[in-house]
Amino acid sequence: MKKNGAILLIAGLFLTSLSVQAQNANYKESRVGSYTLPDALTTPDGLQITKKKAWEKIRRPQILQLFQDNEYGVMPDAEIVAEYRVVEESDNALAGKAIRRQVEMTFSGNGQSRTMLVLIYMPKGVKKCPVFVSPNFQGNATTTDDPAVIESQYTTFVRANQASRWSYDRIVSSGYAVATFHYYDIYYDADGKLEESVYPLFGINSEAALRDNTGKAIAAWAWGCSRVLDYLLTLKNIDKKRTIVMGHSRLGKTALWCGAQDQRFAMVISNNSGCSGAALSRRNYGETVPSINRAFPWWFCNKYRSYSQNVSSLPMDQHELLALIAPRPVYVASAQEDRWADPRGEFLALQEAGKVYALYKYDTLRDCSFPAPDEHLWKGQCGYHMRTGIHDVTDFDWQSYIEFANERLK
Ligand code: GCU
């Protein structure tokens, strides 16, 4: 068999086994099972956290470490040098509304380097603009029909293939900048691809060099979002106080993990992030921890797999990931037909995270019932909607994020 044929066959088998998993999953609320969530406001030695100071000094670092050690892993410690090269720029993009800039970022360490290509659109005539940082799935040129956009190195997809997911016109017309990169530039999204990632720059060249809590793909993609922010913060026309990290699906998990750690991001958006993103792990509904570990072992640190047999032994749950974003605005968006991502589980996590927002005297979603499809449920710093339709990013989603940010980020 030719190599391409073999790759297609393997990809096909992988997708088939995923859809079998999805079909066999539980979609009945009555079979979710009972569970007790770890309390974000109680320390392991029983101390009750009642003040935001104690949350920030004592409990927040504990929870952050639980996610590092048990789920996403940590990026190894090493000095990485970043160099930026503007490879293309125009002040006449998007029908004259935007400045387009394409920047090649080269990261070096341990005698090796890796390049990421970042596409940025900035509204013209805005002195200080808020910015969305959001990685893409198929390469920069698939996000738009703008012919000047340079194809990302790993892309095999048709130009503009995913343009419907990127409301660039609306974003820029609303006065926001947006920066995107192909996530493969940071970690090629497949099993056994550690060498095609940034990890070799940190001295990690093989799976054997990974500790139980070393990060893998999601940790690396989150790291990539932070590196884009480093660059954006060097630009005079970007508002440092209004930076947003947004991601869809596996990249929604990434956005949450990035925003939880990198507090320079002023707002965090999870679009259909599902299992190991915004959805509670302890609910047996749609995708579960054992199924995600089976299908995507390269996303999480190795330790995460040890919880597949006993999810309730996880020392944390995903509401605490959302709580790490407090007091910054957080938006969780689900899609009605995206049952695999457990919309209700995403909503319940956000409700429960409200406990921590309440320490900051913000109103929360704790007393709200599950909203109707397409209804905006926005209270204090927490925003939620369950859009009608499938697992996707649509203009409705972007419109919601922009309006929410307009109100919350000043
Ligand atoms: C799969 C996976 C999800 C993930 C999604 C995506 O469905 O099971 O966890 O969010 O892919 O990234 O599109």
Side-chain angles (χ1 to χ4, degrees), residues 10-27 67 71-72 134-139 142-143 154 157 161-162 164-166 180-184 186-191 193 216-222 224-225 245-258 268-301 304-305 307-308 311 314 317-318 321-322 332-346 349 386-387 389-394 397:
I10 293 167
L13 288 175
F14 182 69
L15 287 177
T16 315
S17 81
L18 258 188
S19 69
V20 169
Q21 283 205 46
Q23 276 162 25
N24 292 339
N26 172 50
Y27 294 112
F67 281 99
E71 188 165 347
Y72 305 107
S134 184
N136 66 68
F137 278 81
Q138 298 187 348
T142 66
T143 67
Y154 290 105
F157 296 96
N161 204 26
Q162 298 221 313
S164 68
R165 288 188 172 180
W166 296 88
T180 188
F181 63 94
H182 187 208
Y183 75 138
Y184 276 41
I186 295 294
Y187 193 119
Y188 190 107
D189 187 11
D191 206 5
K193 292 287 191 179
K216 288 206 223 161
I218 291 182
W221 298 325
C225 294
V245 59
M246 180 278 189
H248 169 61
S249 208
R250 68 199 67 185
L251 296 174
K253 309 182 210 297
T254 298
L256 289 173
W257 181 229
C258 173
V268 182
I269 303 170
S270 146
N271 192 92
N272 308 179
S273 64
C275 177
S276 309
L280 292 174
S281 300
R282 279 169 172 73
R283 275 170 58 84
N284 172 29
Y285 189 102
E287 188 173 28
T288 59
V289 172
S291 48
I292 206 168
N293 273 325
R294 225 175 296 128
F296 304 102
W298 65 96
W299 286 359
F300 306 96
C301 72
Y304 199 40
R305 265 179 264 167
Y307 295 101
S308 286
V311 176
L314 271 167
D317 208 314
Q318 300 305 111
L321 178 67
L322 301 178
V332 173
S334 313
Q336 193 177 15
E337 290 169 43
D338 186 18
R339 296 185 307 160
W340 181 236
D342 187 11
R344 189 177 290 272
E346 298 192 306
M386 181 181 67
R387 174 179 47 71
I390 58 166
H391 185 70
D392 199 2
V393 193
T394 69
D397 296 317

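Ligands are counted one by one from 1 in listed order, and the atoms in each one are counted from 1 as well.
- Atom CG of N272 is separated from atom NZ of K253 by 10.0 Å, given to the nearest 0.5 angstrom.
- Here the side chain of E71 pairs no donor or acceptor atom with the backbone of F300 at under 3.5 angstrom.
- For the residue pair S308 and N293, a side-chain donor N or O sits within less than 3.5 Å of a side-chain acceptor on the partner.
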Can you list every pair where an N/O of ligand 1 is under 3.5 Å from an N/O on the protein?
{"unit_1": "ligand 1", "atom_1": "7 (O)", "unit_2": "W340", "atom_2": "NE1", "d": "3.1"}
{"unit_1": "ligand 1", "atom_1": "8 (O)", "unit_2": "E287", "atom_2": "OE1", "d": "3.1"}
{"unit_1": "ligand 1", "atom_1": "8 (O)", "unit_2": "E287", "atom_2": "OE2", "d": "2.6"}
{"unit_1": "ligand 1", "atom_1": "8 (O)", "unit_2": "W340", "atom_2": "NE1", "d": "2.9"}
{"unit_1": "ligand 1", "atom_1": "9 (O)", "unit_2": "K253", "atom_2": "NZ", "d": "2.8"}
{"unit_1": "ligand 1", "atom_1": "9 (O)", "unit_2": "E287", "atom_2": "OE1", "d": "2.6"}
{"unit_1": "ligand 1", "atom_1": "9 (O)", "unit_2": "E287", "atom_2": "OE2", "d": "3.4"}
{"unit_1": "ligand 1", "atom_1": "10 (O)", "unit_2": "S249", "atom_2": "OG", "d": "2.7"}
{"unit_1": "ligand 1", "atom_1": "10 (O)", "unit_2": "R250", "atom_2": "N", "d": "3.3"}
{"unit_1": "ligand 1", "atom_1": "10 (O)", "unit_2": "K253", "atom_2": "NZ", "d": "3.1"}
{"unit_1": "ligand 1", "atom_1": "11 (O)", "unit_2": "R250", "atom_2": "NH2", "d": "3.0"}
{"unit_1": "ligand 1", "atom_1": "12 (O)", "unit_2": "S249", "atom_2": "OG", "d": "2.7"}
{"unit_1": "ligand 1", "atom_1": "12 (O)", "unit_2": "R250", "atom_2": "N", "d": "2.9"}
{"unit_1": "ligand 1", "atom_1": "12 (O)", "unit_2": "R250", "atom_2": "NE", "d": "2.5"}
{"unit_1": "ligand 1", "atom_1": "12 (O)", "unit_2": "R250", "atom_2": "NH2", "d": "3.3"}
{"unit_1": "ligand 1", "atom_1": "13 (O)", "unit_2": "S249", "atom_2": "OG", "d": "2.7"}
{"unit_1": "ligand 1", "atom_1": "13 (O)", "unit_2": "H391", "atom_2": "NE2", "d": "3.3"}

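- Between the side chain of Y27 and the main chain of A22, a donor-acceptor pair closer than 3.5 Å is present.
- Screening Y183, W166, F181, W221 against F137 for a ring pair (Phe, Tyr, Trp, His ring centres under 6.0 Å) leaves a single residue, Y183.
- Legend: residues meeting side chain to side chain donor-acceptor pair (under 3.5 Å) with W299, ordered by chain and number and at least two apart, are D189.
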